[in-house]
Number of protein chains: 2
Amino acid sequence: MSSTNVTNIKALKQACKTCGLRDLCLPLGVATEDLSLLEGIISRKRPLQRRDVIYQAGDPLTCLYAVRTGSVKTFVLTNDGEEQVTGFHLPGELLGLDAINDGTHPCTALALETASVCEIPFHLLEELAGRTPRLQHQLLRIMSREIQTDEHLMTLLGHRASDARLAAFLLNLSRRFGMRGFSRHEFNLTMSRCEIGNYLGLAVETVSRMLSRFQDQGLIQVQRKFIIILDVDGLREIAGVHGHESRQSEQVSGS
Amino acid sequence: MSSTNVTNIKALKQACKTCGLRDLCLPLGVATEDLSLLEGIISRKRPLQRRDVIYQAGDPLTCLYAVRTGSVKTFVLTNDGEEQVTGFHLPGELLGLDAINDGTHPCTALALETASVCEIPFHLLEELAGRTPRLQHQLLRIMSREIQTDEHLMTLLGHRASDARLAAFLLNLSRRFGMRGFSRHEFNLTMSRCEIGNYLGLAVETVSRMLSRFQDQGLIQVQRKFIIILDVDGLREIAGVHGHESRQSEQVSGS
DNA sequence: CGTAGGATTGAAGCCGCTCAACCAAAGTGG
DNA sequence: CCACTTTGGTTGAGCGGCTTCAATCCTACG
């Protein structure tokens, strides 16, 4: 239909100002007048279908991508050809930061479901960041956050048992969904058990068994991809998080 | 002695221009005239003794630190009080990047041996980076590299067996020593077996056994902390690296 | 309705952890 | 200078958690 065409064309230039993800994304802390500049270099790509590739390992870095809707996974291929999931990404998160180092994407990014992303030419972003202190600061913060997140996952993979890994994973998803205005207690897993296992360094069977066990323990309720969290504190206990929230931090408060 | 005092005072302001680590550190790619500005905000702290703390988890972020000599480990404490090593850092590497996110150091940094670091006030660095595109770019690159490194470690921890982890660890150290002008084939481990195991998600005993096995297989020679690498390709085979160098990348080539 | 891919469940085996003893090197104090 | 202690490392035995292999079930989709 032509009407959808018109909408697509209109939506091509994205307005960060009116975007609900503003406070989770690059614009956080950036003054309104500077936001227009940022909007000027960002374009919204057309919606992606499940399994569409956003960029591929080996591609030269041209743009960073901000997830707008849907979810995305990133993975590398080992030299023996098997896939290793490095992350799942929700709306407001930035993709491609690991490519800045040598100008080449080390991993592939792929839509887990119908999704859309904003496209940010990296050299323009860099140039704009140089002229916009708050933007530069927010870019650094986002990269720092990614480092923190990875460190957290490293300790999970290196030191925690399978139940702790899965509990932490669920809590992390719950938090991230919550921050985006979705329910913290009920959500759909957009990734397969296999992908979860791959990400957490566990066999598919172990993931499945743990989910069943959590359900038997009354911690969660599982219906295929749909998860209901019944006992957050119980999960926290298992994840080894006592006082404060299950980390893998993201901020809302401005700097 | 007064003579050492004089040297210390002289050394307090550090000259990046004459530093042998220039091409591994922040100054890479920064024009000579801008280097003076960078030098202007960097000071060299006095040498550290083994086990001296550079910053502690929970400290507010005031400075980033560049390792100048010696080696440093970073670690977090889990809520049950056990230590989890997040990295070992050699000269030219930047410490504290994970603190930018929320302005607080999530981990503690501690000298593994006699060491020295350059101190870089973060707010000044940020401000200078805004006025110096090459510096901003290099800062982003270094953070991106850290993300890549962490991703690499994640796949190691999540998917590889103990022998592959240790082999990759040795190869990685070998590379990093090599890039700093030290031998790639012979070096001292400045960290204990326990710290290696902690970092790689292995028990101390496993580290010890693997080192013995590698020695029996004629891959390396171990004398307490001193390691001689006899068969790089053999180690690569075990690490699961075929074509290209054992990753955990660092660049020398300018942007 | 039939098929395929994903998910679950069970059984068996192995890798790496735990526990424990022993050893070596480096301090430490008399 | 030597006994004693401490710290870090090695080696062995046994166990357990997770993987692997395999069969079955479920659901989506043609």
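In what follows, every chain begins at residue 1, and chains take the letters A, B, ... in the order their sequences are listed. Small disclaimer: the values here were computed from a predicted structure and weren't measured.
Remark: the backbone N or O of B:Ala111 is not paired with any side-chain donor or acceptor of B:Asp52 at under 3.5 angstrom. Judged purely by atom type and a 3.5 angstrom limit, A:Ser174 has no side-chain atom pairing as donor or acceptor with the backbone of A:Leu170.
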Scan nucleotides 4-20 of chain C nucleotide by nucleotide, 5' to 3', and note B when protein non-hydrogen atoms come under 4.0 Å of the base, S if they reach only the sugar-phosphate, - if neither.
---SBBBB----SSBBB
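Among residues two or more places apart in sequence or in another chain, the side-chain contact (heavy atoms from CB on, under 4.5 Å) test is passed with B:Arg224 by none.
Between B:Leu189 atom CG and D:dT10 atom P the separation is 10 Å, expressed in whole Å. To the nearest angstrom, P of C:dG27 lies 9 Å from CZ of B:Arg50. As a whole-Å value, the separation of B:Leu166 CG from D:dG9 C1' is 14 Å.
Between A:Thr104 and A:Pro60, every side-chain heavy-atom pair lies at or beyond the 4.5 Å cut-off.
The aromatic ring centroids of B:Phe187 and B:Phe182 lie 6.0 Å or more from each other.
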